Amino acid sequence: MYFIRFSLLIFSMAFAVLLHGQSSTEERLDSILATPADTSQVRALIQLSYNLAETMSDIPDRLYDRGIELGVELKDYRGLANLYSELYINCLNNGDADKGLPAVAEAIRYAGLSGLKSMENTARVHETILLMMSGATKKASEKAAVLAKQFRAEGNVRSAAEAYYFLSTLSSGFGDKELTLTYDSLAVALARESEHDRTIASATALASINFSMMDLPEKALAMAEESVIVSERIGSKTLLDNALSARALANTTLGNYDRAYEDYNLLQVGEGDQKSPWRMTNKGVLLQRTGRHEEARELILEAINILKQTTNDPVGLSRSYMALQTVGLNEAQYDTVVWYGKLMKAQADSLQAAENIRNLREMEEIHKTEEKEREILDQQKEIANKRIQLIILFGGLLVALAGVLSYFLLSRRLKKKVVENERLISEKELLVSEIHHRVKNNLQVISSLLQLQRGGLEANDEKGREALLESQNRVSSMGLIHNKLYQGTQVTAVNMPDYIKDLGETLLDAYRLEEQVEIFYDVEDMNLDVDLAIPLGLIINELVTNSLKYAFPGGREGLIEISLHHTNEEVQLAVTDDGVGVAGASKRKDSTNFGQSLIGLLVEKLKGSYRTSTEKGYGVVISFQK
């Protein structure tokens, strides 16, 4: 019952009110609250919320407040999971991301405590939608990509379909046609495989809209018709409205304007309480194409105002500005075209489209690499199984001769398979190496930008220049790792002696202390996985930077020692200096202790521990399991 009623974000703003209004709702709520305060009352409140949401009626805040209060009092985790799910779905429908994000987090928590895996998975997909509504498009895309991969690995095709059609919404908003088609195809295929009608209706409706936006109207109309049929079969008004809206857009793109008007008239778009910005914008395009320019402009401007007052959805705003620009073109109003074009460009910039497309593409490349790895493993298993079958099948002396021949033939096939496997592994390593190369280049660009920014600061802005230098050093420490991975023979592990020596020399050069301070390296020859090497490198960067800044004031010469060794089943890092120590170091009023906080977080990420030493100078010893 908790499957996505908010199936498509772009359809989220259709508000309907029952004829009897708020008074009838309040009477029903008072009647439930008059019953004994037990789990039955919690269930009744959940059912009332569900019924009101299905009819898109206003839901009083006190319904959720009382239900959650009672659920906590009774430790009714299942009831709390359902109540928080109803609450965040209501926030989705009302475009309230600020209130919806805490609610969806609680729904995930209580669903996990109750063992309601399906509800937990759906809530995680909805969380990505709320993140996008709040403007966190990069975080939303990353989470959705991870969820899609997880659900597919678990064989949860229905939840995977939901994650993929959200990814298709993002990639469509960023204008990436190839990625949109990929994600739409996956979403529709997985939805059909799930045989879940609501998922099929939602996936086909969204695919229809994306096909229309990419000028594939015939495919769009076919998808919309399928969504209409499925929605009518299950009797869902919300899904049917979504399907009719998708069909109207497809017919508009095809030039079937009369049919498009029929669907919009059924939906009553822009009339009364039917104020869906996406549908209003699409109807505005239809009005413009049929010569009703003033009506088109008024309807689209009203849609933009609703978006700004509610979700501030960047994808919807960009689409509306594009539609306004088209209206201006038809009326030959150059100033209007330029103005809306600037708004559209600003909206596109706010999406951070390039960064998000790159993020989605990198996720897709990693996924393809893992698919190749699984293909290699499947081939190896297939070869092993066939070999066993051959050994079992051919027995006896006479059959042994045939077995020898078969073995000879099989050996040739195995050799070909081995060659193919080596080729696939080589391609995978090349792909991963290329990813490291791109990451290294991106980090180098960021470092250069920080250096330019530092050079542009006033000479007396010491605090700002220092902060930018430290940020540049942190970026460089990560860039060194990816450079080592790109240049080395291993694409997933870092040789620590070479890396730490390069990092130390880079820091000495950055602070221009090569003649004053010496670094001694006592590092065991070991290779660490990149997931360990990156946080470890950042920790070393912070500790060495701290010594260079505070341990040797007034031109004092000194020594910093970096030690890294295996100790039993642990790895131990020690960074010490023979400087003035804590007591002799200068105290700065503008210090933010960011470096110390960062070290603490990184040690926690490594699941390790650390201690300080002040016997001579200052030192930090960190231990963690490899």
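The chain is numbered in sequence order, starting from 1. Bear in mind the structure is a predicted one, so any value in this text is a computation, not a measurement. As a basis for the values below, the full set of heavy atoms in this structure was taken, side chains included, without hydrogen atoms, waters or symmetry mates.
Listed by chain and number, the residues in a salt bridge (Lys or Arg N to Asp or Glu O under 4.0 Å) with Lys501 amount to none (sequence neighbours excluded). With sequence neighbours left out, the salt bridge (Lys or Arg N to Asp or Glu O under 4.0 Å) criterion links Arg556 to no other residue. Under the side-chain contact (heavy atoms from CB on, under 4.5 Å) criterion, Asn121 pairs with Lys117, Phe151, Asn156, Ser159, not counting sequence neighbours. Residues forming a salt bridge (Lys or Arg N to Asp or Glu O under 4.0 Å) with Glu106 (at least two apart in sequence, or on another chain): Arg109. Judged as a ring pair (Phe, Tyr, Trp, His ring centres under 6.0 Å), and not counting sequence neighbours, the contacts of Tyr77 are Tyr110. The side-chain contact (heavy atoms from CB on, under 4.5 Å) test applied to Asn305 returns Gln309, not counting sequence neighbours.
Considering all non-hydrogen atoms of both residues, Asp184 and Ser168 come closest at OD1-OG, 3.0 Å.
At least one side-chain heavy atom of Leu503 sits less than 4.5 Å from a side-chain heavy atom of Ile540. Residues Thr576 and Tyr618 form no side-chain contact, since every pair of their non-hydrogen atoms from C-beta on lies 4.5 Å or further apart. By the 4.5 Å heavy-atom criterion applied to side chains, Lys143 and Glu127 are counted as neighbours. Here the side chains of Glu505 and Tyr521 are in contact, with some heavy-atom distance below 4.5 Å. Side chains of Leu559 and Phe520 form a contact here, defined as non-hydrogen atoms less than 4.5 Å apart. Side chains of Leu513 and Gln516 form a contact here, defined as non-hydrogen atoms less than 4.5 Å apart.
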